[in-house]
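Data first, discussion second: the structure below is written as structure tokens.
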Amino acid sequence: MRRSLRLDWLALVLLLASAPAAAQRASSVNGLARTPPMGWNSWNHFGCDVSAQLIREVADAMAANGMRDAGYQYVTIDDCWQVGRDAAGVLIADPAKFPDGIKALADYVHGKGLRFGIYTDAGRKTCEGRPGSYEHEALDAKTFAAWGVDYVKVDWCWAEGLDARTQYATMRDALLAAGRPIVFSICEWGQNQPWEWAPQTGNLWRTTGDISDNWNSLLSIVNLSMQHATVAGPGHWNDPDMLEVGNGGMTRDEYRAHFSLWAMMSAPLIAGNDVRRLADDTRLARDARDILLEREVIAVDQDSLGAQGIVVQSPHPDLQVWAKPLADGSRAVLLFNRASVPTTIRADWARVGIRTKRATVRDLWQHTDLGTLETYGTTVAAHGVVMLRVTPVAER
Ligand code: GLA
């Protein structure tokens, strides 16, 4: 009797002790990024050519062109802002390109109602050979916090012989100790199975190598990132890399597919084009604007349930029906034509997870209600998508 009472008591203590840990796993390491982060990053369009002036102009543009109001928050300088360390080991920004330092720039971005992100590397150097954060994690995290940084992307170059799980945990702990909420973006390209450990380490983790602005790159990234759907959720997201929308290497249909797939996968929406040109009267700018500011598709990405969509039907390797459960019980459904000819794709409600016979269907890109239907099929453009919101209708 006494023995079993003690066991019950022990079980209770263990249960209580493990509850916060379980809750933390279910949310995130720092309570941030409850929905996939949205913002802009310099790398895809500008590479190493970054400066305070560029970042200020980007922040101005995002505040004026509708991006900020559509949810894009983080303005992130990628590689090449840093040139060395001072005598105390503190990172030094390139004085020619960032003459007023990083804190003044972060203040400027904050003044535009946006958040500020920066880049470093968990290894000895960044991919462009600038100083890395290895053995400087605590100091760099404190420096970033003092500068007003809200988001840190941490790369994995010059990390030979280092263990990714250990180094990123060190950076996580340094950021948690730095005294400022900072979104932690892990960028080790999916080389060390981050989907197995990164949900307990960061808010997002790259699942693949770098994206390029072409269709084959897009397909190969989707093929890889879609495999890890079960580990995504509020506070911890698979990151199939930043957007190429508006950079000019793909057609309008391909960019729509790109943006729709990222929304279906609950991926971070980090624009990578020259958003200073988004209001221009060119075809490229108009298309990029229509895509990046498409609120009904963004709403799917940002849905509070935080589930990552999956392929539920594939009548042919080039034809896919994707489904993503949404918080209100409806489903986002994507008819995705990977082929280079227009083709009909049809979604079955049972397969997309709709349990009623009939459901209302809305076309999110066309902003059109298609009616109350028992199935839906249509011709989908080559390399194109049709994106739907399908809401069950209660049976009488
Ligand atoms: C790596 C990353 C890119 C970018 C560059 C910068 O390739 O994956 O996203 O940050 O480094 O050098």
Side-chain angles (χ1 to χ4, degrees), residues 33 36-51 54-55 58 72 74-84 91-94 97-98 102 116-134 140 144 149-160 162 164 167-168 171 175 182-195 198 201-214 216-218 220-222 224-225 228 237-247 249 258 262 265 267-275:
M38 293 177 65
W40 174 89
N41 172 297
S42 54
W43 183 254
N44 280 359
H45 191 88
F46 296 95
C48 242
D49 194 11
V50 289
S51 66
L54 170 70
I55 300 301
V58 162
Y72 296 87
Y74 296 98
V75 180
T76 299
I77 323 177
D78 207 279
D79 206 349
C80 301
W81 62 269
Q82 59 292 68
V83 287
L91 283 164
I92 304 171
D94 183 337
K97 299 204 162 171
F98 298 89
I102 300 296
F116 180 73
I118 208 161
Y119 162 101
T120 187
D121 189 289
R124 300 164 187 93
K125 294 183 192 183
T126 74
C127 296
E128 292 291 328
R130 311 305 175 98
S133 287
Y134 178 59
D140 289 355
F144 295 152
V149 166
D150 307 297
Y151 181 112
V152 179
K153 171 177 168 181
V154 182
D155 217 338
W156 191 236
C157 279
W158 292 84
E160 290 70 22
L162 302 180
Q167 295 314 126
Y168 283 104
M171 185 54 92
L175 290 170
I182 299 180
V183 172
F184 183 20
S185 160
I186 294 173
C187 178
E188 60 71 80
W189 321 303
Q191 288 192 346
N192 301 273
Q193 291 74 47
W195 38 87
T201 312
N203 298 110
L204 57 154
W205 54 89
R206 285 274 298 277
T207 47
T208 71
D210 289 6
I211 194 168
S212 324
D213 190 12
N214 65 69
N216 284 339
S217 167
L218 185 87
S220 70
I221 281 184
V222 170
L224 292 170
S225 216
H228 311 295
W237 310 102
N238 287 303
D239 175 9
D241 206 358
M242 303 169 293
L243 299 166
E244 292 285 9
V245 175
N247 279 332
H258 179 10
W262 264 231
M265 294 193 292
L269 297 179
I270 309 292
N273 58 321
D274 185 354
V275 294

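These numbers were taken from a predicted model, which means no experiment stands behind them. Note that ligands are numbered from 1 as they come in the structure, with each ligand's atoms numbered from 1 the same way.
- For D78 and S42, the side-chain atoms include no donor-acceptor pair closer than 3.5 Å.
- For ligand 1 and K153, the ligand atoms under 4.0 Å from any heavy atom of the residue are 3 (C), 4 (C), 9 (O), 10 (O).
- Those atoms of ligand 1 that come under 4.0 Å of a heavy atom in C127, given as number and element, are 1 (C), 11 (O), 12 (O).
- A donor-acceptor contact shorter than 3.5 Å is absent between the side chain of E188 and the backbone of I186.
- The aromatic ring centres of Y119 and W43 sit 6.0 Å or more apart.
- Distances between N or O atoms of W43 and those of ligand 1 include no value under 3.5 Å.
- Listed by atom number, the atoms of ligand 1 under 4.0 Å from E128 heavy atoms are 12 (O).
- Residue nearest to atom 12 (O) of ligand 1, selected from D79, T76, N44: D79 (by heavy-atom distance).
- For C187, every heavy-atom contact with ligand 1 shorter than 4.0 Å involves the side chain, none the backbone.
- The nearest heavy-atom contact from the protein to atom 8 (O) of ligand 1 is D210 OD1, 2.5 Å.
- Using a 4.0 Å cut-off between charged nitrogen and carboxylate oxygen, D121 and R130 do not count as a salt-bridge pair.
- Here the shortest heavy-atom distance to atom 6 (C) of ligand 1, taken over D239, D78, T126, I270, belongs to D78.
- A donor-acceptor pair under 3.5 Å is formed between the side chain of R124 and the backbone N or O of E160.
- Counting protein heavy atoms only, atom 1 (C) of ligand 1 is closest to D155 OD2, 3.0 Å.
- Which parts of ligand 1 touch R206 is read off a 4.0 Å heavy-atom cut-off, strictly below it: atoms 8 (O), 9 (O).
- Applying the 6.0 Å contact sphere to CH2 of W195 captures more than 12 heavy atoms from other residues, nucleotides or ligands.
- Classification of the Y74-Y151 ring pair by plane angle, with boundaries at 30° and 60°, yields tilted.
- Contact of the T207 side chain with the W189 side chain is not registered, since no non-hydrogen atoms from C-beta on lie closer than 4.5 Å.
- The closest approach between any non-hydrogen atom of W189 and ligand 1 is below 4.0 Å.
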